[in-house]
K.L.:
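Below are the structure tokens for one structure; questions will follow.
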Amino acid sequence: MRKAEELFMQGFNCAQSVAAAFVDMYGYSEEEMLRMSAGFGAGIGRLRMSCGAFNGMALLAGLDCGSVTPGDREGKSHNYKVVQELAARFKEEHGSLICAELLKLRQTPSVGGKAEQLSYLASERTAEYYKTRPCVKQIISAARIYSEYLEQKNSRRE
């Protein structure tokens with residue numbers, strides 16, 4: 001959990017921070033994990049859709065139990081079950097899985113009756129940014145929830 005927070009405070013996005021905190025478990029380099037998860041931050045490419053911290057957990061769940069066999073309905077269903085359980089825990093703690101809702105932004109901003117175009121520009125990381133964003137709490141929570149999932153999974157094996 002500390003590693004996820006440290007990565008975020010270094011300037012990585014929410015998804016990268018959660019995913020890269022567990023890189024040692026999945027046989028990827030930190031750079032590979034950071035690249036793999038880069039597009040999932042800020043609600044997927046700064047679209048403010050599903051929370052990046054949650055997206056990082058979903059990516060990790062895919063690495064942990066994702067099916068790689070075509071037509072493997074059972075394997076795919078198991079992965080979906082895990083992701084939905086992680087989502088339920090995250091939503092229970094934070095009230096939403098949606099980045100815009102968590103940031104208290106309007107989902108479809110409009111000016112003069114016209115929808116504003118979402119910006120692709122990443123926010124500058126300043127002291128004010130870190131002070132006003134709830135993201136670090138969600139990142140720590142996502143890392144904890146994923147750690148708890150792994151602990152439960154491993155205790156069932158023993």
K.L.:
Heavy atoms only: give me the nearest Lys137-His94 pair and the separation to one decimal.
P.N.:
O-CE1, 4.0 Å

K.L.:
Can Val18 be reached from Tyr130 by stepping across I, L, V, M, F, W or Y side chains whose heavy atoms are under 4.5 Å apart?
P.N.:
yes

K.L.:
Checking the side chain of Arg125 only, and the main-chain atoms of Gln10 only, is there a donor and an acceptor separated by less than 3.5 Å?
P.N.:
no

K.L.:
Assess whether side chain to side chain contact (heavy atoms under 4.5 Å, CB included) is satisfied between Tyr26 and Leu60, documenting all intermediate values.
P.N.:
CA-CA 9 Å; Tyr26 297 107; Leu60 290 168; 3.9 Å; yes

K.L.:
Just how far is it from atom CD1 of Ile44 to atom SG of Cys99, taken to the nearest 0.5 Å?
P.N.:
10.0 Å

K.L.:
Answer yes if Phe12 and Met36 sit in the same cluster of Ile, Leu, Val, Met, Phe, Trp and Tyr residues linked by side chain heavy atoms under 4.5 Å apart, and no otherwise.
P.N.:
no

K.L.:
Under 4.5 Å between side-chain heavy atoms, counting indirect links through other Ile/Leu/Val/Met/Phe/Trp/Tyr residues: same cluster for Leu63 and Tyr146 or not?
P.N.:
yes

K.L.:
Please find the pair of heavy atoms, one from Ala53 and one from Ala142, that lie closest to each other, and give the distance.
P.N.:
O-CB, 3.7 Å

K.L.:
When you look at Leu7 and Glu30, which way does the side chain to side chain contact (heavy atoms under 4.5 Å, CB included) test go after all the steps?
P.N.:
CA-CA 11 Å; Leu7 288 163; Glu30 185 173 74; 4.0 Å; yes

K.L.:
Any side-chain heavy-atom pair from Cys135 and Asn13 closer than 4.5 angstrom?
P.N.:
no

K.L.:
Taking all non-hydrogen atoms of both residues, which atom of Ser37 and which atom of Ala15 are closest, and how far apart?
P.N.:
O-CB, 3.6 Å

K.L.:
Would Val136 and Ile145 show up in the same hydrophobic cluster when neighbours are defined by side-chain heavy atoms closer than 4.5 Å?
P.N.:
yes

K.L.:
Ignoring hydrogens and geometry, is there a side-chain-to-backbone donor-acceptor pair from Asn79 to Ala61 under 3.5 Å?
P.N.:
yes

K.L.:
Would the number of heavy atoms belonging to other residues, nucleotides or ligands and lying under 6.0 Å from CZ of Phe40 be above 12?
P.N.:
no

K.L.:
Taking all heavy atoms of Ile139 and all of Ser17, pick out the closest pair and write down the distance.
P.N.:
CG2-CB, 4.1 Å

K.L.:
For Arg144, is there an ion pair with Glu148 - N to carboxylate O distance below 4.0 angstrom?
P.N.:
yes

K.L.:
According to a hydrophobic-cluster definition based on side-chain heavy atoms being under 4.5 Å apart (Ile, Leu, Val, Met, Phe, Trp, Tyr only), do Tyr80 and Leu150 belong together?
P.N.:
no

K.L.:
Looking at CG of Leu59 and CZ of Phe22, how far apart are the two atoms once the value is rounded to the nearest 0.5 Å?
P.N.:
12.0 Å

K.L.:
So how far is it from Cys51 SG to Met57 CE, rounded to the nearest 0.5 Å?
P.N.:
8.0 Å

K.L.:
Side chains of Leu103 and Pro134: does their closest heavy-atom pair fall under 4.5 Å?
P.N.:
yes

K.L.:
Ion pair present between Glu128 and Lys131, side-chain N to carboxylate O less than 4.0 angstrom?
P.N.:
yes

K.L.:
Would you please say whether a donor-acceptor pair under 3.5 Å links the side chains of Arg46 and Ser123?
P.N.:
yes

K.L.:
Could you check Glu32 against Arg35 for salt bridge (charged side-chain N to carboxylate O under 4.0 Å, His left out), going step by step and ending with a plain yes or no?
P.N.:
CA-CA 5 Å; Glu32 289 169 324; Arg35 284 184 189 278; over 6 Å; no

K.L.:
Looking only at non-hydrogen atoms, find the nearest pair between Glu101 and Ser96 and report the distance.
P.N.:
OE1-OG, 2.5 Å

K.L.:
Going through the distances and angles, do Lys153 and Asp64 end up as a side chain to side chain contact (heavy atoms under 4.5 Å, CB included)?
P.N.:
CA-CA 11 Å; Lys153 177 184 160 189; Asp64 188 66; 2.8 Å; yes

K.L.:
With a 4.0 Å cut-off on N to O distance, would you call Arg89 and Glu85 a salt bridge?
P.N.:
no

K.L.:
Let me confirm one number: the OG-CG distance from Ser50 to Leu102, rounded to the nearest 0.5 Å.
P.N.:
10.5 Å

K.L.:
Hey, what do you get for CG (Asn154) to OH (Tyr149), rounding to the nearest 0.5 Å?
P.N.:
9.0 Å

K.L.:
To the nearest 0.5 Å, how far apart are OG in Ser141 and CZ in Phe54?
P.N.:
12.0 Å

K.L.:
Looking at every non-hydrogen atom in both residues, tell me the closest pair between Ser119 and Leu121 and how far apart they are.
P.N.:
OG-N, 3.0 Å

K.L.:
Assess whether a salt bridge exists between Glu5 and Arg2, defined as any Lys/Arg side-chain N lying under 4.0 Å from an Asp/Glu carboxylate O.
P.N.:
yes

K.L.:
Could you please spell out the steps behind the side chain to side chain contact (heavy atoms under 4.5 Å, CB included) verdict for Ile98 and Arg48?
P.N.:
CA-CA 7 Å; Ile98 307 300; Arg48 305 301 189 200; over 6 Å; no

